[in-house]
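Here's the structure, in structure tokens; my notes come after.
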Amino acid sequence: MKVTFKIWRQENAKTKGDFKSYEVYDLTKDMSFLEALDHLNELLVERDEKTIAFEYDCREGICGQCCLFINGRAHGPHSNMTTCQLHMRSFKDGETIVVEPWRATAFPVIKDLVIDRSSLDRIIEQGGYINAKTGTAPEANAILISKSIADKAMDAAACIGCGACVATCKNSSAALFTSAKINHLNSLPQGHQEASTRVLKMARQMELEGFGSCTFTGACEVECPEHISIINIAEMNVRRLKAKWFE
Amino acid sequence: MFFKKSIIALTGLFLCIFLIVHLSANCILLLPKDIARDLYNSYSTTLRESLFIKIIAYVLYLSILLHVVYALLITLRNRKAKSQHYSINNFRENSSWASQNMGLLGVIILLFILVHLANFWARIKLGIGENIGLDANGHVNVYEVTYGLFQNIYFVMFYTVLMIPLGLHLNHGLKSAFMTLGFYHKKGLRILAKTSLIYATIMTVGFGIIPFILFFK
């Protein structure tokens with residue numbers, strides 16, 4: 001199949017970027033989207049042009065490294081999916097595919113389609129962990145946790161930190177990411193000790209990093225590869241109110 | 001930022017309650033002309049003379065002011081958080097148009113409120129424009145002001161059409177205000193979404209149809 005890639009090219013954070021079009025002819029429908037970009041890069045090497053920088057790691061949909069805004073959607077046209085799980089069969093023959101880096105003030109462009117997501121790491125540094133020394137793996141039933149709470153914590157813990165929520169949000173809010181990290185630990189007994197400082201510090205860092213505020217458009221939960229529910233944000237808000245006024 | 005968001009939510013909820021009272025009072029206008037005039041005028045006189053309503057009125061002005069100012073500040077900050085816009089953004093595939101354009105809807109509603117205040121508040125409270133007479137019971141004839149205004153088809157259209165952005169704003173605003181304030185019960189949120197839709201529909205249709213009925217009365 002033949003497609004035209006319209007790709008954002010930017011040398012570094014300081015220079016101005018622009019779109020550049022590339023026609024690629026010999027693609028197959030069963031190629032993954034990232035393989036198609038690999039193929040384009042091979043062609044660029046042969047032509048002695050600069051290759052396109054884009055991020056990936058596992059290519060299994062679990063690491064959260066790939067991050068492309070494709071044809072107006074974070075991670076491409078399908079909902080709840082990572083970029084690496086997207087295949088060329090999702091596009092029509094002869095289609096023009098627009099690829100942009102994720103846009104947010106807190107995610108500056110490093111090069112081409114690669115962005116700096118360390119702002120999310122700095123939110124984690126403010127309390128996305130427990131302080132207690134855990135030693136070796138404890139006996140599974142030493143701390144009893146009900147199934148419903150374990151499930152809820154696990155659903156929140158599933159966040160891979162890809163940043164699709166920020167990318168798709170019109171306010172570039174990191175509320176879905178931060179709430180998932182807070183609710184994961186705060187629902188479990190191990191996280192109770194630092195529950196209120198965790199929510200206050202992590203939410204504060206989210207604002208310091210320049211992320212916007214949540215207006216509940218619901219776009220984030222549609223794009224989240226891990227199906228993290230927007231309800232987490234409401235739960236973070238009540239935890240925040242409680243921590244601020246009652247503890 | 002979180003404090004401001006909470007204030008926007010709280011004032012928004014207060015305004016939602018206000019609208020219920022407002023619409024209930026408007027329903028008096030649907031009664032036969034003579035009864036409607038007596039009831040509506042005595043109702044508005046009671047409101048003007050009540051100290052409780054005076055306090056509520058100031059809370060109302062303050063709510064609108066805080067809602068608008070804080071929404072403006074939050075919107076400006078949110079815009080700064082998006083360094084650059086996408087060349088293509090198919091946001092309609094993951095969210096509703098109204099949820100993405102609450103600010104625009106808010107501005108339209110604010111413009112409506114200004115016209116609405118000029119039509120009624122300025123005339124009745126400030127005494128600007130034509131002199132308003134008294135009715136048979138000696139009450140200020142607010143009914144005539146209302147009835148008179150809606151004999152003009154352009155005002156009827158204005159008051160009806162602008163209830164659509166109000167409905168869109170209310171539908172998204174009501175449910176997200178609850179979520180901003182931390183309501184996270186899963187089943188409760190599903191009921192809330194339906195309640196918001198029903199509430200917004202009643203407000204839009206209710207406020208929108210009364211001017212039409214008065215026009216043909």
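Chain A is the first sequence line, chain B the second, and so forth, proteins listed ahead of strands; every chain is numbered from 1.
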Tell me, yes or no, whether the heavy-atom count around A:Tyr56 atom OH, taken from other residues, nucleotides or ligands under 6.0 Å, exceeds 12.
no
I need the A:Ile233 CD1 to B:Tyr184 OH distance, nearest 0.5 Å.
14.5 Å
Mind checking the CD-CD spacing from B:Glu93 to A:Glu223? Nearest 0.5 Å is all I need.
8.5 Å
Which bit of A:Glu235 comes within less than 4.5 Å of chain B, counting heavy atoms only: side chain, backbone, both or neither?
both
Please report the shortest heavy-atom distance between A:Phe216 and B:His172, naming the atom on each side.
O-CE1, 2.8 Å
Of the backbone (N, CA, C, O) and the side chain (C-beta and beyond), which part of A:Cys220 lies under 4.5 Å from a heavy atom of chain B, both, or neither?
neither
Side chain / backbone / both / neither for A:Glu207 at chain B, heavy atoms under 4.5 Å:
both
Do the non-hydrogen side-chain atoms of A:Thr215 and B:Lys5 ever get within less than 4.5 Å of each other?
yes
Is there a side-chain contact between B:Asn89 and A:Phe69 in this structure, where contact means two heavy atoms from C-beta onward sitting under 4.5 Å apart?
yes
Evaluate the criterion side-chain contact (heavy atoms from CB on, under 4.5 Å) for residue pair B:Phe2 and A:Leu241; output intermediate values, then yes/no.
CA-CA 9 Å; B:Phe2 184 54; A:Leu241 282 170; 3.9 Å; yes
Any heavy-atom pair between the side chains of B:Lys80 and A:Thr105 that's under 4.5 Å?
no
For a quick test of reading the model, state the closest non-hydrogen atom pair linking B:Asn90 to A:Asn71 and the distance between them.
ND2-O, 2.8 Å
Reported CZ-to-OG distance for the pair A:Arg103 and B:Ser87, which is rounded to 0.5 angstrom:
7.5 Å
Flag yes if more than 12 heavy atoms outside A:Arg204 fall under 6.0 Å of its CZ atom; otherwise flag no.
no
Check whether A:Phe107 gets within reach of chain B through its side chain, its backbone, both or neither, counting any heavy atom under 4.5 Å.
neither
Taking side chain as everything from C-beta outward and backbone as N, CA, C, O, which of these in A:Ala167 sits under 4.5 Å from a heavy atom of chain B? Side chain, backbone, both or neither.
both
Using a cut-off of 6.0 Å, state whether more than 12 heavy atoms not belonging to B:Trp121 lie near its atom CH2.
no
Does B:Ile213 CD1 have over 12 foreign heavy atoms under 6.0 Å away?
yes
Answer yes or no: are there more than 12 heavy-atom neighbours, outside A:Arg122 itself, under 6.0 Å from its atom CZ?
yes
Would you say the side-chain atoms of A:Ser213 and B:Asn78 include a donor-acceptor pair closer than 3.5 Å?
yes
Would you say B:Gln100's side chain and A:Lys170's backbone share a donor-acceptor pair under 3.5 angstrom?
no
So, the part of A:Trp8 with a heavy atom under 4.5 Å from chain B: the answer is side chain
Considering all heavy atoms, the nearest A:Ser172-B:Lys82 contact:
OG-CD, 3.0 Å
Closest heavy-atom pair, A:Gly210 versus B:Ala81, reported as atoms and distance to 0.1 Å, is O-CB, 3.3 Å
Answer with side chain, backbone, both or neither: which region of B:Tyr86 has an atom nearer than 4.5 Å to a non-hydrogen atom of chain A?
both
With a 4.5 angstrom heavy-atom cut-off, is it the side chain or the backbone of A:Pro108 that approaches chain B, or both, or neither?
neither
In terms of heavy-atom contacts, does CZ of A:Arg9 have more than 12 from other residues, nucleotides or ligands at under 6.0 Å?
yes
Atom CG in B:Asn94, atom SG in A:Cys224: separation rounded to 0.5 Å?
12.5 Å
Heavy-atom donor-acceptor pair, A:Asn237 side chain to B:Met179 backbone, under 3.5 Å
yes
Side chain, backbone, both or neither: which part of A:Phe211 has a non-hydrogen atom closer than 4.5 Å to chain B?
backbone
Flag the one option from A:Val222, A:Asn171, A:Ile230 with the top tally of heavy-atom pairs under 4.5 Å to chain B.
A:Asn171
Counting neighbours of CZ on B:Phe52 that are heavy atoms of other residues, nucleotides or ligands and sit closer than 6.0 Å, is the number greater than 12?
no
